[in-house]
Every structure is written in C-alpha cells, then in structure tokens.
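To start, the structure itself, in structure tokens.
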There are 2 protein chains.
Amino acid sequence: MPKRVDHEERRTEIAEALVRVAGRRGLHGVGMRDVAAEAGVSLRLVQYYFETKEKLLLYGLEHLAAGFGARTAARVRAAGDAAGPRAVIEALLLESLPTDKESRTFHLVYTSYAVLSVTDEALAAQPFIENPDAAEDALAGLLRQAQDARLVAPDVDTRTEAIGLLALSAGLGTGILVGQRSPESAVAVLRHHLDRIFRDGEMRSAAGTEGRAG
Amino acid sequence: MPKRVDHEERRTEIAEALVRVAGRRGLHGVGMRDVAAEAGVSLRLVQYYFETKEKLLLYGLEHLAAGFGARTAARVRAAGDAAGPRAVIEALLLESLPTDKESRTFHLVYTSYAVLSVTDEALAAQPFIENPDAAEDALAGLLRQAQDARLVAPDVDTRTEAIGLLALSAGLGTGILVGQRSPESAVAVLRHHLDRIFRDGEMRSAAGTEGRAG
DNA sequence: ACCATCATGGTACGTTCGTATCACGAAAAT
DNA sequence: ATTTTCGTGATACGAACGTACCATGATGGT
C-alpha cells in the first residue's frame with residue numbers, strides 16, 4: 001500500500017481549507033472544487049476523505065466549534081492564572097467578539113452555519129444548542145463564583161445575567177461583522193455591562209458585609 | 001398595449017414570494033424558478049420585472065426592511081398612545097424578537113441577508129448599518145426621554161444602554177431562531193434588563209429628588 | 001516476488017441555475 | 001386600421017455544481 005496517510009490529519013487540513021474559503025467567499029458558494037483548490041489537493045481527494053458535501057460541511061462545523069472551544073479555553077486559562085473571576089469572564093466574552101481577522105472568519109462562518117441549520121435539517125441544530133448552553137453554564141458558574149467572593153451582589157440572578165451577557169456579546173459580534181460597529185466600541189459596551197455587574201456587587205456586598213459582619 | 005399592469009405592485013408580490021420561500025428553504029437555495037412558482041407566475045415574469053437575480057435580492061431586502069420598519073412603527077404607535085416610555089421601548093424591542101412565525105421568517109431572512117452582505121459586496125451592507133443606527137438613535141432618544149421624566153437615573157449613559165439593549169435583543173433573537181432559547185425566556189431576560197434600567201431610575205431619581213428638591 | 005489494497009488523478013454525467021432568445025397576443029397610439 | 005409597444009410564455013444555452021466512474025502508481029503483507 002502507499003504511504004498510509006493519516007486520515008484525520010488530512011480531514012482537518014481540508015476542513016480548514018473549507019473554513020478559509022468560506023470566510024472569504026461566504027459559506028454559500030463554497031464548492032468542492034474551491035475547497036480542493038484551497039487545500040492544494042484534487043477534487044477527487046476531497047471526495048475521498050469526505051464522501052459527500054454534506055459530510056464535509058458537518059465536519060467543518062465540528063472542527064470550527066472545537067477550535068473555538070479550544071481557543072476560548074486557552075484564553076480563559078491564560079487569564080485565569082493570576083487574575084480573578086472578572087478577568088476570566090472578560091476573556092471568555094471577548095473571545096466571542098470578532099476583533100481580529102481570524103476571529104472574524106470564525107464568527108462569519110459559524111453564523112452562516114447557524115442560519116443554515118434553521119432550514120437545512122441535515123445540518124444538526126444540535127451544536128447551536130449544546131455549545132451555547134455549555135457556555136451559559138460556564139459563565140453562570142463563574143458569576144456564581146464571583147458572587148461567593150463577594151464581587152457580585154448576592155441578589156443578582158447569575159443565570160439570567162449569564163444569558164444576557166452571552167446574547168449581548170453575540171449581538172455585538174454581528175454588529176461588528178456587518179460593519180455597523182467598531183470592535184472598540186463593542187468592547188467598551190461589554191466592559192460597561194461587566195462594570196455594572198461587578199461594581200454593584202462591590203457596593204452592595206460592602207454594605208451587606210457592614211450590616212452582617214460589622 | 002395590454003392591460004397596463006402596475007409594476008410596483010407586481011414587484012412587491014414577487015418580492016413577498018421571495019421572502020416566503022426564503023423563510024421556508026433558506027435564502028441560499030432560493031432560485032428564480034422557486035420565486036416564480038411561489039408567486040404563481042412564469043419564470044419569464046420574474047425576469048421581466050427584475051432583470052437579474054441580484055436586483056431581485058436587493059429589492060427583497062429593501063421590502064423586508066421597509067415592512068419591518070412599518071410594523072415596528074405601528075407597534076410603537078399602538079403602545080405609545082396611552083402608556084409611558086417604558087412601554088414604547090418594550091414594544092420596540094419585543095418587535096425585534098422572533099416570537100410568531102411571521103416575525104420568525106423576517107428574522108431568518110434578514111439575518112441571512114446580513115450574513116450574505118459580509119461577503120457579497122453587491123448586497124450593500126448599507127441597510128445593515130443605517131437601519132440599526134436609526135433604531136439606536138430612536139431608542140437612545142426614548143431613553144433620554146424617560147430620563148427626563150425621572151424614570152431612569154440621570155447618570156445612565158443612554159447611548160451605551162441603547163446599544164446594549166439592541167445587541168441583547170438581537171442576540172436573544174438568534175438564540176430563539178436556532179432553537180436554543182424559548183421566546184418566553186428571551187422576553188423574560190429582556191424585561192429583566194428593562195426592569196434594571198427603570199428600577200434603578202426610580203430609586204436613584206427618588207433619592208435625587210429628595211436631595212435636590214427636598 | 002506477487003498481489004491485494006490504499007491513495008490519488010482525471011474525467012465524464014446528469015442536474016440545476018441564471019440568463020438570453022424567440023415568439024405572440026393584446027391594446028394604446030396614430 | 002395599422003403600427004408600435006407592453007406583457008407574457010416557452011424554451012434554449014452555457015456554466016457550475018455534486019457525484020460517479022475508471023485508471024494507476026505505490027507499497028505493506030505473505
């Protein structure tokens with residue numbers, strides 16, 4: 001047999017080529033031939049590793065989501081070493097803003113997938129439910145953690161606040177994507193809301209501490 | 001000449017057919033023939049009233065945006081007769097949530113357009129900047145108005161809050177669209193944030209009134 | 001050394017899409 | 001009454017797309 005290539009690695013390369021061309025020309029209008037050319041392989045090869053386009057798209061979505069998860073985890077880990085919950089939360093939310101070109105590509109393609117999944121039942125809407133739910137749980141946990149550390153007021157509904165922050169950052173992200181809003185202003189708005197949550201926490205928990213512990 | 005048909009009316013009918021089929025099968029994968037069949041006319045007719053597909057898509061976007069604007073204005077007008085700024089703002093924000101099927105279609109197709117506009121330069125990104133900017137101005141104005149009526153604390157940055165509310169509602173809308181979130185919970189989150197803005201206003205402006213006016 | 005199998009290339013096929021072309025009836029203009 | 005222009009239909013065309021098919025080196029197993 002020939003050189004016994006690593007299939008998974010090859011699939012990854014092709015999937016990344018798919019994401020690249022989708023970031024340039026849009027997920028619509030990306031064809032097998034485009035992916036093949038971008039990956040530097042023949043059309044047959046793309047067919048070989050992914051038998052059908054649908055499977056290619058599905059794998060591309062999984063790869064995209066996995067990459068985002070890893071990037072976010074790395075960013076959170078990097079921020080979580082020294083700083084407190086606020087920094088971790090900020091890192092988590094800022095990662096989901098299309099600030100640099102790489103992040104821009106991710107958000108564009110991911111949003112394209114999300115829109116596609118509404119009408120194309122083949123593209124499971126599962127990732128678009130599970131992943132946000134996981135993020136929501138994580139963020140709610142971090143907020144609760146901050147609440148325990150008296151950085152956030154005890155009467156704050158961490159679940160609702162987590163939902164709101166994620167939806168806010170998603171909305172700001174699309175605003176950046178379509179060119180309506182600058183990344184800087186989006187970051188400012190996001191920080192403003194974080195300030196609100198954490199500032200209120202300081203004030204009220206300080207008052208609460210006085211009342212309770214003298 | 002034959003029956004001298006109203007061009008604009010015909011274009012509207014076809015554009016609405018476009019939106020309908022786009023809501024069912026997605027904006028991608030909507031072809032001239034599909035639109036023609038949905039509108040109950042021949043392919044040639046679609047070509048006749050819109051020479052090219054690009055022009056059809058553009059007109060469809062304009063029609064969609066105009067319809068949304070009219071619907072929002074009507075809803076705001078209906079709410080603005082009796083109630084205060086809070087009700088008006090709530091009406092404005094709730095209209096931009098895909099609660100019923102009609103609104104769902106609008107949001108899906110509009111979002112599809114937005115995603116398209118990022119890569120297809122033909123589809124002007126203009127509507128996706130101008131319209132949100134207008135909504136932002138309107139909402140900021142309403143908040144300022146509420147601030148003048150002492151319903152919102154004077155130290156609230158109305159512009160930032162308007163941006164945040166709109167981004168929040170956009171993000172919640174996508175969450176509903178992909179099936180991650182129920183319309184009810186989205187409405188609850190939105191109301192929660194409105195409560196926060198207006199509740200803080202009552203408390204602080206009451207305190208401020210005592211301090212200033214005794 | 002042989003052979004079965006893996007990796008890869010080239011290419012053809014059927015479909016669908018947007019667009020262009022040809023054709024014709026019908027009514028306003030003259 | 002004729003002519004010209006408008007509205008509409010049917011259909012053809014070229015391109016692009018996803019997929020299928022055939023071919024062929026290369027190499028690990030025996």
Side-chain angles (χ1 to χ4, degrees), chain A residues 1-22 24-61 109 112-113 116-117 119-123, chain B residues 1-22 24-61 109 112-113 116-117 119-123:
Chain A
M1 306 151 178
K3 36 180 170 170
R4 222 58 159 107
V5 94
D6 183 343
H7 272 221
E8 209 51 36
E9 182 183 352
R10 198 68 86 125
R11 285 163 68 92
T12 297
E13 285 174 13
I14 297 180
E16 280 173 359
L18 160 68
V19 171
R20 277 198 303 276
V21 58
R24 259 186 283 119
R25 292 204 278 273
L27 189 60
H28 75 289
V30 47
M32 298 286 216
R33 289 166 176 84
D34 304 300
V35 176
E38 176 75 23
V41 300
S42 73
L43 168 62
R44 181 67 181 86
L45 259 283
V46 181
Q47 282 190 268
Y48 183 70
Y49 289 103
F50 306 89
E51 282 121 51
T52 177
K53 186 188 182 181
E54 184 179 305
K55 294 182 182 174
L56 169 61
L57 286 177
L58 225 69
Y59 189 90
L61 173 56
V109 181
S112 303
Y113 269 115
L116 263 191
S117 79
T119 47
D120 290 23
E121 49 203 273
L123 236 60
Chain B
M1 305 150 179
K3 36 181 169 169
R4 221 60 161 107
V5 93
D6 184 344
H7 272 222
E8 208 51 37
E9 182 183 353
R10 199 70 86 126
R11 287 164 67 92
T12 296
E13 285 173 13
I14 296 180
E16 280 173 0
L18 161 69
V19 172
R20 277 197 304 275
V21 58
R24 260 186 282 121
R25 294 205 277 272
L27 189 59
H28 75 287
V30 48
M32 298 286 216
R33 288 166 178 85
D34 304 299
V35 175
E38 175 76 22
V41 299
S42 72
L43 169 61
R44 180 67 180 86
L45 259 283
V46 182
Q47 280 189 270
Y48 183 70
Y49 289 103
F50 307 89
E51 283 122 49
T52 177
K53 186 188 184 182
E54 183 179 306
K55 294 182 182 173
L56 169 61
L57 286 177
L58 223 70
Y59 188 89
L61 173 57
V109 181
S112 304
Y113 269 116
L116 263 191
S117 80
T119 47
D120 289 24
E121 50 204 272
L123 237 58

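Being a predicted model, the structure only gives us computed values, none of them experimental. By convention in this document, chain letters (A, B, ...) are assigned in the order of the sequence lines, proteins followed by strands, and residues within each chain are numbered from 1.
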**Study point:** From B:Gln47 atom CD to B:Thr52 atom OG1, the distance as rounded to the nearest 0.5 Å
**Key:**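 B:Gln47 atom CD to B:Thr52 atom OG1 measures 9.0 Å (nearest 0.5 Å).
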Practice item. Go along nucleotides 17-24 of chain C 5' to 3' and tag each nucleotide: B for a protein heavy atom under 4.0 Å from its base, S when only backbone or sugar atoms are that close, - otherwise. Key: BBBBB---
Phosphate-side-chain proximity, [X] and [N], N/O vs OP1/OP2 below 4.0 Å:
X: B:Tyr49; N: D:dT8; value: yes
X: B:His7; N: D:dC6; value: no
X: B:Tyr48; N: D:dT8; value: no

Check your understanding: How would you label the contact of A:Phe50 with the nucleic acid (heavy atoms, under 4.0 Å): base, sugar-phosphate, or nothing?
Key ->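 No contact.
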Check your understanding: What pairs with B:Arg25 under side-chain hydrogen bond (donor to acceptor under 3.5 Å, both in side chains), at least two apart in sequence or on another chain?
Key ->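 So B:Arg25 forms a side-chain hydrogen bond (donor to acceptor under 3.5 Å, both in side chains) with B:Asp34.
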Using atom [atom1] of [X] as one end and atom [atom2] of [N] as the other, report the distance to the nearest whole Å.
X: A:Leu57; N: D:dC17; atom1: CG; atom2: P; value: 14 Å
X: B:His28; N: D:dC17; atom1: NE2; atom2: P; value: 15 Å
X: A:Leu45; N: D:dT19; atom1: CG; atom2: P; value: 16 Å

Exercise for review: Please report the C-alpha distance between A:Leu27 and B:His28 in whole Å, then the side-chain angles of each, then the deciding distance to 0.1 Å, and finally whether the side chain to side chain contact (heavy atoms under 4.5 Å, CB included) criterion is met.
Suggested key: CA-CA 10 Å; A:Leu27 189 60; B:His28 75 287; over 6 Å; no
Point to revise | Nearest atoms (heavy-atom pairs only) where A:Arg24 meets B:Thr119 | key: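 So the minimum-distance heavy-atom pair works out to O-CG2, 3.5 Å.
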Exercise for review: Indicate yes or no: at least one non-hydrogen side-chain atom of B:Glu54 is less than 4.5 angstrom from one of B:Asp120.
Suggested key: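 They are not in side-chain contact.
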Check your understanding: Are any side-chain N or O atoms of A:Arg11 and backbone N or O atoms of A:Tyr49, one a donor and one an acceptor, separated by less than 3.5 Å?
Key ->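 Present.
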